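Step one of this worksheet: look at the structure below.
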Amino acid sequence: MTTLIWVVVALVVIGVYLSWTAGRLDRLHARIDAARAALDAQLLRRASVAQELGTSGVLDPAASIVLYQAAHEARQAEEDQREVAESALSQALRAVFDEAEQADAVREAPGGEQTLTELTAAVRRVPMARRFHNDAVRAARAVRRHRVVRWFRLAGHAPFPMAFEMDDEAPAALGERAAA
């Protein structure tokens with residue numbers, strides 16, 4: 001009788017542990033979804049401001065075309081090409097705003113100061129949102145690597161979380177402005 005009680009207690013403890021682990025994994029996946037939505041919002045905001053700036057006529061024609069095209073491609077990219085398109089937008093922003101003259105030209109235009117402030121904020125927030133997303137992915141991957149999670153299939157049918165890797169370095173003119 002005592003052995004039966006210990007077996008039942010052990011099964012209950014194992015069941016509670018498995019349930020707790022499955023709940024934790026579910027919360028991590030929910031955190032990934034929320035972080036991905038925030039990252040998508042920041043990327044869309046950055047692309048929208050860049051596209052608006054590309055069509056404003058404030059920049060020289062070559063810079064306008066480069067910026068507009070990169071922003072348009074970033075907004076229209078399929079999920080499997082999104083990282084490449086967003087990296088291309090980062091490179092286009094650096095190409096246009098690495099020199100302070102372009103930032104000064106935007107600042108002198110009507111409404112340019114506000115647009116530049118909005119672009120600077122968007123460029124600064126993308127790396128933070130990406131870092132939050134990738135941290136959530138890293139935590140979920142660590143839990144999913146445990147043998148117990150794999151043996152009991154506690155992740156269910158949730159896809160394996162993937163990090164979002166892109167070039168998100170800020171242009172020099174906007175980086176100095178963000179630091180000021």
Side-chain angles (χ1 to χ4, degrees), residues 26-142 158-180:
D26 186 51
R27 288 188 303 277
L28 285 170
H29 283 143
R31 190 171 130 204
I32 289 171
D33 291 342
R36 181 58 187 242
L39 175 61
D40 286 341
Q42 293 305 323
L43 291 171
L44 180 62
R45 181 173 177 218
R46 180 181 77 149
S48 296
V49 174
Q51 196 169 20
E52 177 184 324
L53 197 54
T55 59
S56 69
V58 174
L59 302 172
D60 65 76
S64 292
I65 290 171
V66 166
L67 197 56
Y68 176 81
Q69 191 169 21
H72 179 72
E73 288 173 10
R75 290 183 71 180
Q76 301 298 319
E78 296 292 327
E79 193 60 35
D80 60 337
Q81 293 296 314
R82 184 97 187 263
E83 294 171 352
V84 174
E86 294 295 345
S87 292
L89 177 55
S90 294
Q91 292 166 0
L93 284 166
R94 276 198 309 275
V96 171
F97 288 107
D98 261 352
E99 302 298 324
E101 291 83 29
Q102 291 286 11
D104 292 339
V106 172
R107 193 174 293 110
E108 292 169 4
E113 185 67 34
Q114 180 182 3
T115 302
L116 205 57
T117 301
E118 198 173 330
L119 181 62
T120 302
V123 165
R124 192 179 66 241
R125 287 180 181 154
V126 166
M128 288 188 295
R130 190 175 72 84
R131 196 170 310 120
F132 288 139
H133 175 268
N134 289 348
D135 287 346
V137 166
R138 195 172 306 112
R141 282 180 170 184
F160 194 74
M162 301 301 291
F164 194 88
E165 298 299 333
M166 64 171 271
D167 174 8
D168 58 9
E169 185 181 339
L174 298 180
E176 292 167 3
R177 184 173 162 73

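This is a predicted model, so every value here is computed, not measured.
Remark: Asp135 pairs with Arg138 by the salt bridge (charged side-chain N to carboxylate O under 4.0 Å, His left out) rule, at least two apart or across chains. With sequence neighbours excluded, the residues forming a side-chain hydrogen bond (donor to acceptor under 3.5 Å, both in side chains) with Arg75 are Gln51, listed by chain and number. Under the salt bridge (charged side-chain N to carboxylate O under 4.0 Å, His left out) criterion, Arg130 pairs with Glu165, Asp168, sequence neighbours left out. Qualifying salt bridge (charged side-chain N to carboxylate O under 4.0 Å, His left out) partners for Arg94, counting only residues two or more places apart in sequence or in other chains: Asp167. Residues satisfying the salt bridge (charged side-chain N to carboxylate O under 4.0 Å, His left out) test with Glu79, not counting sequence neighbours, are Arg36. Legend: residues meeting side-chain hydrogen bond (donor to acceptor under 3.5 Å, both in side chains) with Gln102, ordered by chain and number and at least two apart, are Asp60.
Nearest heavy atoms, Leu93 versus Ala50: CD2-CB, 4.3 Å. The two residues Ala92 and Ala70 make their nearest non-hydrogen contact at CB-CB, 3.6 Å. When every heavy atom of His29 is checked against every heavy atom of Ala158, the shortest pair comes out as CE1-CB, 3.7 Å. Between Ala173 and Ala100, the shortest heavy-atom contact is CB-CA, 4.1 Å. When all heavy atoms of Val123 and Ala170 are compared, the closest pair comes out as CG1-CB, 3.6 Å. The two residues Pro161 and Ala140 have their closest heavy-atom pair at CG-CB, 4.0 Å.
At least one side-chain heavy atom of Arg45 sits less than 4.5 Å from a side-chain heavy atom of Arg125. Looking only at side-chain heavy atoms (C-beta outward), Ser90 and Glu169 stay at 4.5 Å or farther from each other. In this structure, Ser56 and Thr115 have side chains that are not in contact, with every pair of non-hydrogen atoms separated by 4.5 Å or more. A heavy-atom distance below 4.5 Å is not found between the side chains of Thr120 and Phe97.
Side-chain atoms of Arg46 never come within 3.5 Å of backbone atoms of Leu119 as a donor-acceptor pair (strictly under, hydrogens ignored).
Interatomic distance, His133 NE2 to Asp33 CG, rounded to the nearest 0.5 Å: 8.5 Å. Atom CG in Leu44 sits 11.0 Å away from atom CG in Leu39 (nearest 0.5 Å). Here the straight-line distance linking atom CG of Leu59 with atom CD1 of Ile65 works out to 11.5 Å at 0.5 Å rounding. The CG atom of Leu53 lies 7.5 Å from the CG atom of Leu116; values are rounded to the nearest 0.5 Å.
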Could you walk me through whether Leu43 and Phe164 pass the side-chain contact (heavy atoms from CB on, under 4.5 Å) check? CA-CA 12 Å; Leu43 291 171; Phe164 194 88; 3.9 Å; yes
Please step through side-chain contact (heavy atoms from CB on, under 4.5 Å) for the pair Met166 and Val126, ending with a clear verdict. CA-CA 10 Å; Met166 64 171 271; Val126 166; 4.0 Å; yes
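No salt bridge links Glu78 with Arg82; every basic N to acidic carboxylate O contact stays at or beyond 4.0 Å.
The number of heavy atoms from other shown groups lying within 6.0 Å of CE (Met128) is above 12.
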